[in-house]
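What you are looking at is a predicted structure, and each value in this text was computed from that prediction instead of being measured.
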Amino acid sequence: MYRCYVIHNGRIARAEELSAIDLDEAVTQGRALLAADPQTTTESGIEIWHRADLLYSDKRHAVDTGRPAHILSPFAPDAASF
């Protein structure tokens, strides 16, 4: 099982478990999540993890603008969007 973290402005904005069978498929699914996120900017990116191992990371999200990013959480009152 792979996990994808969508990152905006240097902060984790969303985490998703992926049903990918390999890293290439996980990256493809992660990029689709990023593309569908309305908060995505040129500084946004993804990280793909398997357990405690970082397997893939976009470097462009490393720039921290100092502004907090909007965070999508399953615990938020509007979590029905998940």
Side-chain angles (χ1 to χ4, degrees):
M1 181 75 61
Y2 296 92
R3 284 186 322 276
C4 175
Y5 294 99
V6 174
I7 301 173
H8 300 307
N9 301 322
R11 307 269 193 291
I12 296 172
R14 184 174 188 165
E16 294 285 336
E17 296 285 336
L18 304 175
S19 60
I21 59 172
D22 60 23
L23 181 57
D24 288 338
E25 187 177 336
V27 171
T28 299
Q29 290 179 15
R31 292 212 178 279
L33 286 172
L34 184 66
D37 192 320
Q39 301 296 318
T40 296
T41 67
T42 57
E43 290 85 26
S44 298
I46 60 170
E47 289 183 355
I48 304 294
W49 290 72
H50 177 61
R51 297 187 180 155
D53 298 319
L54 174 62
L55 303 179
Y56 175 86
S57 176
D58 289 333
K59 297 300 181 192
R60 69 176 174 267
H61 68 73
V63 177
D64 187 354
T65 65
R67 292 176 288 134
H70 176 73
I71 298 173
L72 298 175
S73 169
F75 306 107
D78 63 346
S81 63
F82 280 87

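Remark: Cys4 SG to Arg14 CZ distance equals 9.5 Å, nearest 0.5 Å. Note that the CG atom of Asn9 and the OG1 atom of Thr41 stand 5.5 Å from one another [nearest 0.5 Å].
By the ring pair (Phe, Tyr, Trp, His ring centres under 6.0 Å) test, Tyr2 pairs with His50, sequence neighbours left out. Residues forming a side-chain contact (heavy atoms from CB on, under 4.5 Å) with Thr40 (at least two apart in sequence, or on another chain): His8, Leu34, Asp37, Ser44.
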* Test side-chain contact (heavy atoms from CB on, under 4.5 Å) on Thr28 and Asp24 and set out the steps. => CA-CA 6 Å; Thr28 299; Asp24 288 338; 5.5 Å; no
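Counting heavy atoms from C-beta on, the side chains of Ile46 and Gln29 never come closer than 4.5 Å.
Follow the hydrophobic side-chain contacts under 4.5 Å out from Leu54 and you reach Ile7 in the same cluster. Ile21 and Leu55 fall into different hydrophobic clusters, where Ile, Leu, Val, Met, Phe, Trp and Tyr residues are linked whenever their side-chain heavy atoms come under 4.5 Å apart, directly or through other members.
Between Ala20 and Ala26, the shortest heavy-atom contact is CB-N, 3.3 Å.
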